[in-house]
**Q** 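For reference, the structure I am asking about is given below.
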Amino acid sequence: MSKEKIDPKRLPKHIAIIMDGNGRWAKEKGKFRIFGHQNGVKAVREVSEGCAELGVECLTLYAFSTENWNRPKIEVNALMTLLVKTIKGETATLMKNGIKLDAIGDRNTLPKDCRRELEEAIETTKGNSKMTLILALSYSAKWDIVNAARTIAQMAANGEITIDEVNEELIDKTLTTHKYPHPELMIRTSGELRISNFLLWEIAYSELYFTTVLWPDFRKEHLYEAILDYQSRERRFGKTSEQLA
Ligand code: FPP
């Protein structure tokens, strides 16, 4: 799948990815699950670089969900260690490629060292402007929506807003994703056809792309394939084809 076929004028500004299939990839090779996560880092690198080269403005990766805390402790610990190591090891590359790092999710639940590395990398890369890489860590869309509802309820209780002022715009502004445009394209790897509590509000009109490729095997060519598929679709936002023409 060639990169040249992609129309640079119709690129999604924001791509979100559910990186799935690390465990199965490792199992196929007779290895422990963490081996799959370790090899998933290469795909993270490829996709970040691929998006930055094309001119995609934001890339959000579902790295660890609220529900992932329920995995065996040994896997959770190994994933956190891998995250710390990866964030630390990749900061120089992020700087070289002009990529700004950000995170969504409940940072308070992350182990101290993970949170520290994350915040240091966010601080170091904050001046970069080529692309923003957003890690969803200890994130779930329902967690974000519940927090937004609480914040808005508190504002109403304080008399800062009236009930009539609760609208889409206010909810948008209150979610942790408020700094970024909603993703036009969401990709899930590994053949699972689910959203798994990821960006539920923000994907109201996103194009969904599912591939059977397991995350550790995902490369730039798969990214190009997803973008070309996105560009072949007619985005109607509830209107008719005739209205769009
Ligand atoms: C899903 O595969 C993957 C994860 C829960 C973790 C993703 C993490 C990485 C790729 C590591 C590094 C990431 C960053 C951003 C530095 P799974 O374990 O659910 O696979 P399975 O469905 O085959 O069991």
Side-chain angles (χ1 to χ4, degrees), residues 15-52 58-95 97 99-107 109-111 113-122 124-125 131-141 143 186-199 210-220 222-223:
I15 299 179
I17 307 186
I18 303 177
M19 310 180 286
D20 196 15
N22 294 351
R24 276 163 284 167
W25 186 90
K27 199 171 171 194
E28 273 176 8
K29 295 175 166 48
K31 306 272 190 184
F32 291 116
R33 296 176 56 81
I34 189 63
F35 184 68
H37 298 315
Q38 284 161 348
N39 282 275
V41 175
K42 183 156 188 344
V44 170
R45 248 182 241 128
E46 278 261 325
V47 164
S48 308
E49 202 182 279
C51 282
C58 304
L59 170 67
T60 300
L61 300 177
Y62 206 7
F64 194 87
S65 74
T66 307
E67 290 77 18
N68 285 153
W69 290 114
N70 300 322
R71 291 196 172 192
K73 204 165 181 296
I74 185 166
E75 182 172 345
V76 171
N77 290 343
L79 260 171
M80 289 299 148
T81 307
L82 180 64
L83 279 164
V84 172
K85 201 175 126 205
T86 308
I87 295 168
K88 206 173 177 157
E90 296 294 323
T91 307
T93 315
L94 293 176
M95 292 306 288
N97 294 326
I99 300 174
K100 178 160 96 181
L101 186 72
D102 201 356
I104 52 170
D106 191 357
R107 282 192 209 173
T109 57
L110 296 174
D113 57 343
C114 187
R115 190 174 162 171
R116 196 185 52 240
E117 287 306 334
L118 181 68
E119 290 178 347
E120 263 182 43
I122 290 173
T124 308
T125 60
M131 188 184 85
T132 306
L133 171 63
I134 305 144
L135 298 183
L137 283 173
S138 195
Y139 169 89
S140 77
W143 164 83
M186 180 179 277
I187 300 171
R188 182 173 189 145
T189 59
S190 91
E192 303 291 353
L193 308 177
R194 286 190 290 279
I195 303 300
S196 301
N197 213 350
F198 191 36
L199 304 173
F210 299 99
T211 169
T212 53
V213 174
L214 302 176
W215 180 250
D217 289 330
F218 199 86
R219 293 291 174 269
K220 285 182 191 173
H222 302 113
L223 172 74

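Remember, it's 1-based here, ligands and their atoms both numbered in the order they're listed.
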**Q** So if I count the atoms of ligand 1 from 1 in the order they appear, which ones are less than 4.0 Å from some heavy atom of L82?
**A** 11 (C)
**Q** Might you point out which heavy atoms bring A52 and M131 nearest each other, and give the distance in Å?
**A** N-SD, 3.5 Å
**Q** Counting each atom of ligand 1 from 1 as listed, which ones have a heavy atom of G23 under 4.0 Å away?
**A** 17 (P), 18 (O), 20 (O), 21 (P), 23 (O), 24 (O)
**Q** Check ligand 1 against L83 and write out every atom of the ligand that is under 4.0 Å from a heavy-atom position of the residue.
**A** 14 (C), 16 (C)
**Q** Out of curiosity, R107 CZ to I122 CD1, how far, rounded to the nearest 0.5 Å?
**A** 4.0 Å
**Q** Assess whether side chain to side chain donor-acceptor pair (under 3.5 Å) is satisfied between W69 and S138, documenting all intermediate values.
**A** CA-CA 8 Å; W69 290 114; S138 195; 2.9 Å; yes
**Q** Test Y62 against every option in L199, L137, D20, N197 by the side chain to side chain contact (heavy atoms under 4.5 Å, CB included) rule and name the one that passes.
**A** N197
**Q** Going by heavy-atom distance to atom 19 (O) of ligand 1, choose the closest among M19, R33, R71.
**A** R71
**Q** With heavy-atom distances below 4.0 Å as the criterion, list the atoms of ligand 1 near D20.
**A** 1 (C), 2 (O), 17 (P), 19 (O), 20 (O), 21 (P), 22 (O)
**Q** Hey, is G21 one of the residues with a heavy atom under 4.0 angstrom from ligand 1?
**A** yes
**Q** Out of D106, T66, N68, which residue meets the side chain to side chain donor-acceptor pair (under 3.5 Å) rule with S140?
**A** T66
**Q** Taking atom 10 (C) of ligand 1 as the point of reference, which of N22, L101, T86 owns the nearest heavy atom?
**A** N22
**Q** Going by the order shown, which atoms of ligand 1 are within less than 4.0 Å of some heavy atom of R24?
**A** 21 (P), 22 (O), 23 (O)
**Q** If you count the atoms of ligand 1 from 1 in the order shown, which ones are under 4.0 Å from a heavy atom of V41?
**A** 12 (C)
**Q** Hey, which atoms in ligand 1 end up nearer than 4.0 Å to a heavy atom of N68?
**A** 5 (C)
**Q** Answer yes or no: is there a side-chain heavy-atom contact under 4.5 Å between I87 and L101?
**A** yes
**Q** With no hydrogens and no angle check, just 3.5 Å: does a side-chain donor-acceptor pair link R45 and T93?
**A** no
**Q** Show me which atoms of ligand 1 lie under 4.0 Å from any heavy atom of L135.
**A** 15 (C)
**Q** Look at the aromatic rings of H222 and F218 and report parallel, tilted or perpendicular, splitting at 30° and 60°.
**A** tilted
